Amino acid sequence: MGKRIAVEDSHAAALAAKMANVDVIAAYPITPQTHIVEELSRMVSDGEFDAEYINVESEHSAISACIGASAVGARCFTATAGQGLALMHEILFIAAGNRFPIVMAVANRCLSPNINIWGDQSDVMSSRDCGWIQIFAENAQEIFDLLLSAFKISEDDRVLLPVAVNFDGFYATHVVERMDLPEEEEVRRFLPPHRTAKYKLDPDRPLTFGAIGFPTIQFELRRQWEEALCNSKQVIKEVWQEFGRVFGRHYDVLEPYRMEDAEIAFILMGGSCGTCRVAVDRLRERGFKAGMIKLRLFRPFPKEEILEATSKLKTLITVDKHICLGGLGGPLFNDLRALFYGFQRQINVAGFIAGVGGRDVRVKDFEQMFEKVVKGEVSPEKHIFIVRGES
Amino acid sequence: MDVSQEYFKTFRDLPREDWFVCGHRACQGCGEAIAVRLILKALGPNTIVVSPTGCLEIISSPFPYTSWAVPWIHVAFENAAAVASGVEAGLKVLARKGLLEKRKTNVLVLAGDGGTVDIGLQSLSGALERGHNFLYVCLDNEAYMNTGIQRSGATPFMCWTTTSQVGKVKRGNLTWKKNMPAIVAAHRVPYVATATVAYPLDLANKAKRGAEMEGPAYLHVLASCPTGWRLPPELSVEISRLAVQTGFFPLYEIVDGELRVTVEIPKRKPVAEYLKPQGRFRHLTDEDIAKIQEQVDRECARLGIP
């Protein structure tokens, strides 16, 4: 049995890396992620666990150093946010396409301009197609649990892909929450203390990594990568089931809230899910059949589970914290409309964009979105509403 | 360690085996390929190689083939030193935790001049400053050769390239070559050296010395490129020798801050002898050559070369 602690969410991320017994940490400061690498520096300096702590000179080098460390078989961790994730962009593809297990915490932050350190999802959504497994956490407990399980997912021989665990900058990084911290021994029952790497840079068995891919082979490699990412969903579910057996906390690719008889439901990711739950309760009190789907796994996109969870809905309200500029609204909105259209499902998708640049998304903002849907103020031609909460 | 140690006194001292093997796609007379073969002979099989994007990566790894008989990784253009940092840190911590056999594994970066002096400078500086135990070799063919001879920060003054063309108004590259060994030495790393394929034992010994050194070591190799230098391939080694004998590319090493010229040139040849055989300098007038000669004289004086 572990202990119940009060912990800053960033420190929950650091604790996960420590309990995973990571070998290499590549650290570069960027708000609102800094508390994670600061805490890890303290832990390593105090000898709480043994890791090489590399003070890299950029996020580009952070992810590059992780690739190098992962390639020799080390378990490695890094954390970033916003511009840092954008600077990594080129290397994110290479980490995934060359199948290097790496775990990264992303404290979601708005991309410049204007320079803005506050939370939204423009950073991760701009890295959407990098071929990583992308998971969203809501609070300290989820940050810890999902990061810990990310190591197991990432290193599984059937997966061998990097995993990003996302959570809201400031709203999740700079708050103190209650969390159950497991004992070391419990963690070891779930995650072995070290990685076993089948393919690595080993002078006794020389391998070539990152070769040039001509058009005669590149297409096949890309397709294998896509298949590996899609197939990882099954492993993710398995790992989370095992997590539940060991720790008693159960996770799945999505989490329905009051969806049994819901007619209109929200779908969103990250910390705003907590606020949305309150809004759903209030709407229920007002007599509406409201519900919510918290999407925990964003990539690979859990198509089947979403189709099942929405099978009885009339309208699905997507809440995106990012605008696909010049496109058709937010990324969730786009994915879901495409999904439903492909399966010829008669369901309205109402796309809302909220919380950009750290703007509060309040209970009444969710209620306002819902009311707009009920009043029929959402039409296919006019599907995007920027909700301007007063901060 | 004994810095003057000669690991290889004759060619017989170099292993017969190769770890950069035949079948690669380098051009005829490629100085880079010769240098890589020698460096790996000097370091042996217990070596992990990191290469950024560049000629070397293109010629050696056309999937599913490889010329590397040692573990080799290519990630991107600007981050070889950062990748090597991760490799070195990973090996160190895994050995400390008893997960790897404790033995000396060389971490070797084989990079081009673009990947070193231009786009890769930041990651190299970071890795040098952090003190990772690795050998970084810059194979300097003085331009972006694999993309078609475009100018880099290592391109010599007035040199023709496809992006420093010789025209009516401008005549080749406008700037002097970036002094990369001096930039590395300013990081106060234990070992910095220069080499060319014309002095193969000097090159092999420097590679070995750098690899044996505790901390970051840097070797700057002038890698002759017949294709980009507009030179008959059979003159590749000869031109490398002239680069040294004219003082255009002096051979030295800086050990813990102490500079020592390793190949003494008692009487330097005129720099024109190095420039004239190369098509990339074909447009130079006597005046231009005199200007280059002046600069070479200044550099040699700075290094204490007569």
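Please read these numbers as outputs of a predicted model, since none were measured by experiment. Chain letters run A, B, ... following the sequence lines, proteins first, then strands; residues in each count from 1.
- Comparing B:Q122, B:E57, B:E88 by heavy-atom pairs within less than 4.5 Å of chain A, the highest count is held by B:Q122.
- Considering only heavy-atom pairs separated by less than 4.5 Å from chain B, the leading option among A:C66, A:S61, A:S64, A:A69 is A:S64.
- A cation-pi arrangement, defined by a distance under 6.0 Å to the six-membered ring centre and an angle within 45 degrees of its axis, is present between A:K152 and A:F190.
- Note: A:H89 and A:F93 have perpendicular aromatic rings, judged against thresholds of 30 and 60 degrees for the angle between ring planes.
- At a 4.5 Å heavy-atom cutoff, the contact between B:S123 and chain A is made by backbone and side-chain atoms alike.
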Salt bridge (Lys or Arg N to Asp or Glu O under 4.0 Å) for A:K200 and A:D202? Distances and angles first, verdict last.
CA-CA 6 Å; A:K200 59 180 178 178; A:D202 175 7; 5.2 Å; no
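- Looking at B:P62, both its backbone and its side chain come within 4.5 Å of chain A, counting heavy atoms on both sides.
- Between B:H24 and B:F20, the ring planes are parallel. Angles under 30° get that label, and only those over 60° would be called perpendicular.
- A salt bridge does not link A:E226 with A:R222: none of the charged nitrogens is closer than 4.0 Å to a carboxylate oxygen.
- For the pair A:K18 and A:F49, the cation-pi criterion (under 6.0 Å, within 45° of the ring axis) is not fulfilled.
- Using the six-membered ring where Trp is involved, B:F134 and B:H132 have ring planes that are perpendicular, over 60° apart on the 30 and 60° scheme.
- Contacts between B:L91 and chain A at a heavy-atom distance below 4.5 Å involve backbone atoms as well as side-chain atoms.
- Counting heavy-atom pairs closer than 4.5 Å to chain A, the top-ranked of the candidates B:A69, B:P64, B:P71, B:A89 is B:P71.
- Most heavy-atom pairs under 4.5 Å with chain B: of the set A:A26, A:A71, A:C76, A:A51, this distinction falls to A:A51.
- Relative orientation of the B:F77 and B:Y144 rings is perpendicular, given thresholds of 30° and 60° on the angle between their planes.
- When each of A:V24, A:I67, A:T208, A:N98 is checked for heavy-atom pairs under 4.5 Å with chain B, A:T208 comes out on top.
- Both the backbone and the side chain of A:L201 come within less than 4.5 Å of a heavy atom of chain B.
- When each of B:V50, B:V49, B:V75, B:T66 is checked for heavy-atom pairs under 4.5 Å with chain A, B:V75 comes out on top.
- Among A:F214, A:F209, A:Y53, the residue with the largest count of heavy-atom pairs under 4.5 Å with chain B is A:F209.
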